[in-house]
Amino acid sequence: MSAVKRIWFLVLLFSSLYTYTFAQEIRFDQQSRVFRIDGGNVTYAFGINDENALQPLYWGGRLGANDHVGPAHTNRGHASFDLPSGSTPQEFEGWGAGLFYQPALKITFPDGNRDLVLHYVSHHIDGDNLTIQLKDISRNVTVDLKYTIDPNTGVLGRSAVITNKTTTPLLIEQAAAASWSLPHATDYWLYYLTGRWAGETNVQHEPVRPGTRLIESRRGSTGHQNNPWFAIERGNSGDQDSGDVWFGALAWSGSWRITVEQDTMQNVRITGGYNPFDFGYKLAPNEQLETPVFYGGFSQHGIGGASRLLHQFEISKILPEGPKPRPRPVLYNSWEATEFNVTEQGQEELAEKAAKIGVERFVMDDGWFGQRKDDHAGLGDWYVNKEKFPNGLKPLIDKVHSLGMDFGLWVEPEMVNPNSDLYRKHPDWVLNFEGRPRTEGRNQLVLNLARQDVRDYVFGFLDKLLTENDIAFLKWDYNRNWSEPGWPAVAPDEQKKVYVKYVDNLYSILKELREKHPKVEIESCSGGGGRVDLGILRYTDEVWTSDNTDPFDRLTIQDGFTYAYTPGVMMAWVTESPAGPNHSPRSLDYRFLSSMQGSLGIGSNLNHWSDADFATAKHLIAEYKEIRETVQHGALYRLISPENGSEQSATESVSADHSQAAVFAFLHSSQFGYPYPRLFLHGLDRDAQYQLHWITEKPGGNLPESASGAYWMGHGVDLHLDGDFQATAFRLEKAR
Ligand code: GLA
């Protein structure tokens, strides 16, 4: 064989091996008509049943390579009140043939027919992707179900593309991305997240009972009140790191709904997608609607293991800089220091102080543009305010650069104040119903981003801002939810498309901006954590967790946040004391340690700080830089949860190579002189030696200077914390 031929042979051999290896992840067994998807430690299987419908068969721990699941058989029903269609679980159910539980798709045809029965037509496997085509039994409407599998975490991505191949328009009244079925059991426990402005991501935990638990947003965006994430444990182990847990997260930043349903046959399914409330998507002939992606995973290591898998998945498959996102820089943000009262000199003075303590990014918040003196005016007018910045932003940006930091800027692109040039010129650009009042929130209205002209305006001013100024970071805010969601410029039966088109355009602006300005990073903020989901995280590097920066409240908010999202994207600022909603005084150490559990930022008014404060901050920022890779991208173990009024809380983060661990412990207040509970660490190499380094100045316990992984995990550590609002932290370094 000639050298060239030999090389070709090797190329062909390797490429076929490559295809073969990946093809192993998704298989179709012709004989039993069963699809099987394997990835990470997970197997997912479903089959084509005797009616030609797709029926879920298995979702759980990875099965043996030669194990067979199925085949699928239609259930004959329980009584005349539970017809076969309602008793047989389906992968993606059309509303028709007597379906009583939550449908994935509901359509009204122009002739009044509302019956939809979806049957298997064909499928296509391409590496980690599987597409299955379903079609209604008589109408020419197809649904392409898409499945992707992440080979490392076993997280599946599911979505659906609905195509109208008939000759008349039809109305989609309800469309889910996917419906997930759990193995038959009656002892499931659900976790989900609730909250409100300045009180996000509280963990709720309750048994799954007959009926439906609905978690949703009808607000036009993700919302503070519920988050599009769930986890379900079989049993109630009470242990963070053991038990079978199924979890899912919907990648959508508009109105959404997830239902957790236990039906009359005790089947438990979770259906999620567009919120059907006020939904109506008119699909013209040959038009398609592609749903958001609903991700789902499984862990045998409890709710803690589920979170760690999801974190890993987000880092490698969702975040724009994945699989190896840059560590988040330590930032300073001027909001709580100056509010709207920003000036060139004032910002420069803060920047000088921030640079001295090790801050890497200086962010100017609200107040720099238009006629913005308070929240009554200016939104929409994205020109630099000449009174505050007579020479534009350049002198401040240059100053920030000369101090060794990069520069970030606050924007709120989707909003307008009625008191603005933009609104005076384009009053028709906002969401509204003709002739009806326009309800304001924080004196602002929502621009209808579904309109092409609004989309072009928003992209245009942001592109100009980023082209003309050396900006490394945008804090992209969104400070209210929708009211009167009308779109009078289009025909009445097209108006409800706003729920989809708005978000599609938002994503397309973010995507295009990132492509055109690849060095710019973006934070998703919506009055704190009102827009945090896997949809927006595909285009943003971090999120503002909450407007509540009380370091004690934050322990609960941050704990809940990490159930669904990696701590790497969780921005946490050290702010003033006493401040926040509770006006409670907290030591600077305590404030820092609370914020160091996520992406560290400083939001205090540095003009109020003493020399001692600057020294503490400098020390702790340096310490943070030692552990930030571990905190942001490592494995998180919740050693003690702050939920349910716990007096203590503690976390541990372990680096991917197990060479470092960072431990944070907090005490609300001691009672009756009881000692702090012993902490048993996780994730270390048993036989390796680990050296102890205190992060806080004063050691918080009688700990050995060095011990084996077995000691830290098995013997555990006793910390000496007593009093009120105490905190301590240390790191362990593996001896080389
Ligand atoms: C929102 C944000 C704050 C701040 C203000 C500015 O509330 O969450 O961090 O940026 O807007 O107006």
Side-chain angles (χ1 to χ4, degrees), residues 195-201 219 221-225 227 253 328 331-343 346-347 350 361-382 385 388 407-417 419-420 440-447 465 471 473-481 521-533 536 540-551 553-554 557-558 561 569-576 579-581 591 595 598-605:
R196 59 175 181 156
W197 174 78
E200 297 85 340
T201 50
R219 296 163 177 264
S221 70
T222 325
H224 300 76
Q225 294 69 20
N227 191 272
S253 314
R328 302 288 75 229
L331 64 71
Y332 178 80
N333 179 292
S334 65
W335 174 245
E336 294 198 13
T338 62
E339 297 213 326
F340 300 95
N341 192 17
V342 293
T343 60
Q347 293 292 300
L350 287 169
R361 168 170 291 167
F362 183 86
V363 184
M364 176 160 68
D365 210 278
D366 199 349
W368 59 270
F369 54 90
Q371 295 309 307
R372 188 84 165 158
K373 292 190 180 65
D374 51 34
D375 61 16
H376 286 82
L379 289 174
D381 299 340
W382 297 103
N385 182 303
K388 299 178 183 181
F407 180 78
L409 193 64
W410 181 94
V411 287
E412 193 175 359
E414 300 149 81
M415 298 288 168
V416 65
N417 287 116
N419 185 5
S420 67
E440 293 176 21
R442 208 193 189 203
N443 312 301
Q444 61 197 57
L445 297 167
V446 184
L447 288 171
L465 193 66
I471 293 172
F473 171 81
L474 288 178
K475 175 177 170 182
W476 183 305
D477 213 335
Y478 185 79
N479 273 315
R480 61 161 294 180
N481 296 132
E521 295 183 339
I522 302 175
E523 175 178 289
S524 170
C525 173
S526 174
R531 193 153 63 186
V532 184
D533 58 78
I536 204 82
T540 54
D541 307 86
E542 60 189 51
V543 300
W544 181 223
T545 316
S546 178
D547 276 347
N548 183 345
T549 55
D550 178 303
D553 283 0
R554 267 301 181 102
I557 294 171
Q558 293 176 178
F561 185 97
V569 303
M570 182 174 78
M571 281 310 299
W573 304 345
V574 174
T575 56
E576 293 292 277
R591 283 179 271 153
S595 297
S599 268
L600 179 63
I602 317 292
S604 292
N605 189 341

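Bear in mind the structure is a predicted one, so any value in this text is a computation, not a measurement. No hydrogens, no waters, no symmetry mates; every other heavy atom, side chains included, goes into these values. As the structure lists them, so they are numbered: ligands from 1, and atoms in each ligand from 1.
- Checking Thr540 against Ser524 by side-chain atom types alone, no donor-acceptor pair falls below 3.5 Å.
- At a heavy-atom cutoff of 4.0 Å, ligand 1 is contacted by the side chain of Asp477 but not by its backbone.
- Considering backbone and side-chain N/O atoms, Asn479 comes within less than 3.5 Å of an N/O atom of ligand 1.
- If you check each of Asp547, Val363, Thr545 against atom 8 (O) of ligand 1, the one with the closest non-hydrogen atom is Asp547.
- Of all the atoms in ligand 1, the ones that sit under 4.0 Å from a non-hydrogen atom of Cys525 are 2 (C), 8 (O).
- In this structure, the side-chain contact (heavy atoms from CB on, under 4.5 Å) partners of Asp553, at least two apart in sequence or on a different chain, are Asn548, Asp550, Pro581, Asn582.
- In this structure, Asn443 contributes its side chain and Asn417 its backbone to no donor-acceptor pair below 3.5 Å.
- The backbone N or O of Ile522 lies less than 3.5 Å from a partner atom in the side chain of Asp541, making a donor-acceptor pair.
- The shortest N or O to N or O distance between Lys475 and ligand 1 is under 3.5 Å.
- Judged by the shortest distance from any of its heavy atoms, Met571 lies outside the 4.0 Å radius around the atoms of ligand 1.
- At least one N/O-N/O distance between Gly528 and ligand 1 falls below 3.5 Å.
- Remark: side-chain polar atoms of Lys475 are not paired, donor with acceptor, to backbone N or O of Trp544 under 3.5 angstrom.
- Near Trp544, the atoms of ligand 1 lying under 4.0 angstrom from a non-hydrogen atom of the residue are 8 (O), 9 (O).
- Nearest protein heavy-atom neighbour of atom 4 (C) of ligand 1: Asp365 OD1, 3.4 Å.
- Residues passing the side chain to side chain donor-acceptor pair (under 3.5 Å) test with Gln444 are Glu412, sequence neighbours excluded.
- In this structure, atom 12 (O) of ligand 1 lies nearest to the protein heavy atom Asp366 OD2, 2.6 Å.
- Only side-chain heavy atoms of Arg442 come within less than 4.0 Å of ligand 1; its backbone N, CA, C and O stay farther off.
- Ring centroids of Trp335 and Phe340 are separated by less than 6.0 Å, placing the two rings close together.
- A donor-acceptor contact shorter than 3.5 Å is absent between the side chain of Asp477 and the backbone of Trp410.
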